[in-house]
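Step one of this worksheet: look at the structure below.
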Amino acid sequence: MQIRPYQGTDEAEVLAVWHAAMTHDRISPNIFRTQVLLDPNFTPENLPVAVEDGRVVGFVLALTRQVPLFLQGLEPEKAWITAFGVHPDYQRRGIGRALFEHVLGRLRAEGRKTVDISPYVPNYFVPGVDVAAYPGTITFLEQAVGFRTLYRAISMGADLSGFQIPPEILELERRREAEDGITIRPVTAADLPELMPFIVRHFGWDWYRHAQAYLLELFGGSPHQICFLVARERGRIVGYCQQRGERFGPFGVDPECRNKGVGRLLLFRCLETMSARNVYFAYFLWTGEDAARLYALAGFKRRREFAVLRLDL
Ligand SMILES: CC(C)(COP(=O)(O)OP(=O)(O)OC[C@H]1O[C@@H](n2cnc3c(N)ncnc32)[C@H](O)[C@@H]1OP(=O)(O)O)[C@@H](O)C(=O)NCCC(=O)NCCS
């Protein structure tokens with residue numbers, strides 16, 4: 001068994017291993033090209049492959065910042081692993097352990113201090129390891145490699161057929177508007193100068209990047225699948241939410257204005273817009289237990305649960 005950096009001609013074999021090992025997270029060649037090979041942080045050395053019997057039988061995809069993420073910078077002490085797998089015919093022969101030792105040795109030598117699976121922005125596939133789909137993987141990571149689980153991320157989905165805003169939410173909306181001057185409206189150009197700094201201040205550069213991508217589409221001529229709402233309280237922006245296609249979020253409310261129902265109103269108004277555009281399903285990949293309760297009110301059900309893991313190098 002030989003471990004070497006990824007080469008351009010490995011694509012089909014890497015994807016064959018990906019599909020056989022990561023059965024619940026299959027990707028197309030085009031997603032591999034756009035989200036892996038064209039990621040400016042991709043380097044072939046950080047995608048080592050294990051070769052045996054003349055073919056690729058395993059891989060680990062690690063990322064470190066080669067270019068800064070806006071003002072979040074290069075994050076020189078951090079690294080991420082977003083995908084890995086050993087072909088089932090070759091598992092339990094030490095290949096997974098050898099691949100991880102190889103990549104972790106490289107990251108240590110570069111002075112990285114932590115490696116996380118798999119909350120890397122921009123191009124993560126899933127928040128971490130699906131605990132139901134890959135139970136053996138958690139054992140492998142925790143016991144054979146030394147990772148620990150930091151927290152769980154919940155992915156949920158909702159069937160929007162016949163979606164209606166319940167009367168109590170409409171009542172809440174009326175009360176909040178009358179008593180606190182809270183309004184929920186589709187984004188306009190007039191929101192942008194206040195909105196973009198609001199997003200950076202409260203939610204960071206990754207959410208800024210997300211919002212910017214949708215707004216570029218919305219104002220750039222392909223608005224069909226996008227709903228972007230802004231919440232104001234007495235004229236000041238206190239929250240927003242965004243959606244494209246079936247994917248809902250992110251959405252956020254100023255920490256000082258939480259627990260007044262603003263998030264609930266944004267969520268229900270956005271889902272209503274989606275169902276009126278004949279989007280029949282809504283999902284997101286990542287939330288915690290508190291927000292999961294809010295989503296459950298709107299009919300979201302748990303789909304997957306992920307362990308987010310870290311190794312201190
Ligand atoms: C996790 C994975 C890469 C391990 O690869 P591997 O080559 O089989 O791992 P190794 O042979 O090096 O295993 C080393 C040790 O890890 C533990 N381990 C590995 N797989 C395990 C499993 N399925 N159940 C329990 N323990 C396991 C064992 O302690 C093993 O040592 P042992 O075989 O002597 O008991 C492989 O199982 C896999 O491809 N899983 C699916 C892919 C996946 O979940 N990707 C993550 C999506 S984000």
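Residue numbers start at 1 and run along the sequence shown. Read the numbers this way: they start at 1 and go in the same order the structure lists the ligands and their atoms.
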Nearest non-hydrogen protein atom, atom 38 (C) of ligand 1: Q91 NE2, 3.3 Å
Structural part of R93 in contact with ligand 1, heavy atom criterion under 4.0 angstrom: backbone
Closest approach of any protein heavy atom to atom 28 (C) of ligand 1, naming residue and atom: R92 NH2, 3.8 Å
Donor on one side chain, acceptor on other, N30 and S28, under 3.5 Å: no
Side chains of V60 and F100 in contact at under 4.5 Å (non-hydrogen atoms): yes
Contact bool for atom 10 (P) of ligand 1 (protein heavy atom, d < 4.0 Å): yes
Heavy-atom nearest neighbour in the protein, as seen from atom 44 (O) of ligand 1, with distance rounded to 0.1 Å: T137 OG1, 2.7 Å
Protein contact of atom 23 (N) of ligand 1 - nearest heavy atom, named by residue and atom, plus distance: G136 CA, 3.5 Å
Ligand 1-proximal atoms of A21, by part, heavy-atom distance under 4.0 Å: both
Residue part near ligand 1, for F84, under 4.0 Å between non-hydrogen atoms: both
Atom 34 (O) of ligand 1 touched by protein heavy atom at under 4.0 Å: no
Ring geometry between H87 and Y90 (parallel below 30°, tilted from 30 to 60°, perpendicular above 60°): perpendicular
Residue, atom name and distance, where the atom is the protein heavy atom closest to atom 47 (C) of ligand 1: M22 CE, 3.8 Å
Part of V86 with heavy atoms under 4.0 Å of ligand 1, whether side chain, backbone, both or neither: both
Which residue and heavy atom of the protein sit nearest atom 12 (O) of ligand 1, plus the separation: R97 N, 2.8 Å
